[in-house]
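The basis for the numbers below is simple: all heavy atoms, side chains too, and nothing from hydrogens, waters or symmetry mates. Lettering of chains follows the sequences in order, A, B, ..., and the numbering in each one begins at 1.
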Amino acid sequence: MTTAVQIAAHGLPAAPALVNAPLERGSWHALLQESSHQRVTGHLVRALADGSVPATDEQWREACDEHRTALALDLVLDRLLVSTSLVLREAGIAHRALKGAALAYTVYPEPELRSYGDIDVLVEGARYDDAIEVLHADGGRARFPEPRPGFTRRFGKGVCVVTHDQLEIDVHRTFVAGPFGLALDIEDLFAPPTHVHIGGTEIPALAPVPRFLHACFHAVLGDRLPRLVPLRDVAQIMLTTDLDVDAVLECATRWRARAVVQHAVLTTWRVLQLDAQHPLLAFAHTFTPDRFERTALRSYVASDRSYATQAAAGVLALHGTRARAAYARALLLPQRDYARARGGYLARLRRSARLARHWKQPA
Amino acid sequence: VNEAPSRPLVDGTHFVHAAVVVRRAPDAVLVLPLDDRAAEPIMLSGTGVAMWEAFARPSSPRAVAATLAREFSTDQDDVARAIAPVVAQLLAAGALTEAP
């Protein structure tokens, strides 16, 4: 039976083979629903069009309907990305588009193969609060308050800004919350950009090396169960672009994130059932993470992981007593609005006590 | 496009506006002008796809109708009547623009 996993890998070198007969009704609708949920309808339609997955006329029409719906959202999000970039540019705030359109237009042969559900923009930490302010002035509102004023600008991953029409702009200061987001070198992210042209507007996006590293972060440090599109992004970049592997490993070493690359590559090959060779796959099979990387990775991928465990592990990535104290104080004694949005002070104190015990002696 | 009511052709030469984003599905083209932040994507299907592609270069609706009539082996006036309201809609939405 064809699965959404096989669809997500369709078109890659050494992707798994697909079935050679039309699916019966129940299996087809399960595949269609999962492909839509995983935002891989572009690959599904491609697999149907090139005959890799035989389909009835009705199945073809249903797949096209789902795909058009996904494409319509992509267009609306492209427009939001353009307007957001122009607002930030007008305010003189350096920024980079992340994933979504930034990948669809650069590493895929056609943007129709890479759908998305929101937009992600990285902004410079020094102007982070200004960025949120101009997006508020443009009609957006932050979904959650900060633990303490200025926390995100200094330590946080970022915030989600919701527009008046309920679209989401993830405004990042760094790639992820917690230790790996704190350990990476933000200056690398603002290296000369790759430019993406959308509707006549030039949008700055990450350069190829941080773009690939972000794909790795997104693939395995985000959702508890890795989603298929981020895994496809990792494979797509590795197998279809001229990725500078030495530069990737040099940067990952400085960011103390080689374990993230290792975990992303191995997870991508395992989940998408790929059978292709690549120098980063060879690296992933032999690399042994250091103590920091093992401890940090565990806070993202362990079965009992949570935002709180990642935040607590973030202390390990900070340098200096003052920075650690400010970070811990903000998380243990947040402002009232932040605590209320997350269950109140008592619940936070109980979680903090548990985490303090857990992280007292990191492995 | 096939069900469009009869209407005079919009005069002038038009082409696809630079501030437009496009996605191509196997059976349709979806178009969204960027200048109007409230606009919904416009879907063109059937001969509307060929019409959209024809406006990639500055063309008059009459020239596009002639091209489509040849391509689909049909009457040029019928095609002209069919595309007129669509061209008008695309111009009003800002997806097509007047050539200088």
Side-chain angles (χ1 to χ4, degrees), chain A residues 41-50 55 57 59-87 100-101 104-105 108-116 119 138-140 163-165 167 196-203, chain B residues 1-4 12-59 72 83 85-100:
Chain A
T41 55
H43 299 297
L44 175 63
V45 164
R46 175 63 64 87
L48 297 180
D50 67 19
D57 290 347
Q59 290 171 346
W60 169 249
R61 279 194 300 274
E62 288 175 346
C64 287
D65 286 348
E66 284 292 328
H67 188 40
R68 283 196 307 273
T69 301
L71 294 177
L73 177 59
D74 293 342
L75 289 178
V76 172
L77 292 170
D78 280 3
R79 179 175 60 194
L80 179 62
L81 178 60
V82 168
S83 65
T84 301
S85 180
L86 291 175
V87 163
Y105 285 95
Y108 286 85
E110 298 150 15
E112 288 83 359
L113 291 173
R114 175 54 161 93
S115 287
Y116 24 99
I119 69 164
D138 199 44
T163 66
H164 67 281
D165 45 2
L167 297 173
V196 181
H197 293 88
I198 301 178
T201 301
E202 193 175 71
I203 308 287
Chain B
V1 170
N2 293 333
E3 295 172 4
T13 302
H14 315 297
F15 65 107
V16 173
H17 197 291
V20 162
V21 281
V22 176
R23 289 289 191 280
R24 288 169 175 79
D27 56 348
V29 170
L30 289 94
V31 176
L32 184 66
L34 296 179
D35 291 340
D36 180 356
R37 290 173 70 170
E40 299 277 329
I42 300 165
M43 187 177 83
L44 301 167
S45 58
T47 51
V49 176
M51 184 201 73
W52 176 259
E53 303 296 347
F55 279 115
R57 285 183 297 182
S59 303
F72 293 96
I83 70 171
V86 185
V87 171
Q89 184 193 353
L90 292 170
L91 279 166
L96 291 179
T97 187
E98 296 269 350

List the atom of [X], the atom of [Y], and the distance in Å for their closest heavy-atom pair.
X	Y	result
B/E98	B/H14	OE2-CE1, 3.4 Å
B/E53	B/V29	OE2-CG2, 4.2 Å
B/L96	B/L91	O-CD2, 3.6 Å
A/L77	A/I119	O-CG2, 3.4 Å

For A/V45, which atoms come within 4.5 Å of any heavy atom of chain B: side chain, backbone, both, or neither?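 Interface part for A/V45: side chain.
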Non-hydrogen atoms of chain B under 4.5 Å away: do they reach the side chain of A/A72, the backbone, both or neither?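 Both parts, heavy atoms under 4.5 Å.
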Tell me if a side-chain donor or acceptor on A/S83 pairs with a main-chain N or O of A/L80 at a distance below 3.5 Å.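 Confirmed, A/S83 side chain pairs with A/L80 backbone.
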Could you check which of A/G42, A/P111, A/A49 has the highest count of heavy-atom pairs closer than 4.5 Å to chain B?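 Heavy-atom pair counts peak at A/P111.
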Positions in residues 61-69 of chain A that reach chain B, provided some heavy atom is under 4.5 Å away: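 At a heavy-atom separation under 4.5 Å, chain B is reached by A/C64, A/H67, A/R68.
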Side chain, backbone, both or neither of [X] within contact of chain A (heavy atoms, under 4.5 Å):
X	result
B/A28	side chain
B/A39	both
B/V20	backbone

Could you tell me whether A/E110 and B/R24 make a salt bridge, using a distance below 4.0 angstrom between a side-chain N and a carboxylate O?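 Not counted as a salt bridge, because no side-chain N and carboxylate O are separated by less than 4.0 Å.
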Is it the case that A/D74 and A/S115 place a side-chain donor and acceptor less than 3.5 Å from each other?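 Yes, because at least one side-chain N or O of A/D74 sits under 3.5 Å from a partner of the opposite role on A/S115.
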Measuring from atom CG of B/L30 to atom CH2 of B/W52, what distance do you get when rounded to the nearest 0.5 angstrom?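 It comes to 11.0 Å.
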Please enumerate all residues that pass side chain to side chain donor-acceptor pair (under 3.5 Å) together with B/T97, with sequence neighbours excluded.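 Listed in chain order: nothing, the list is empty.
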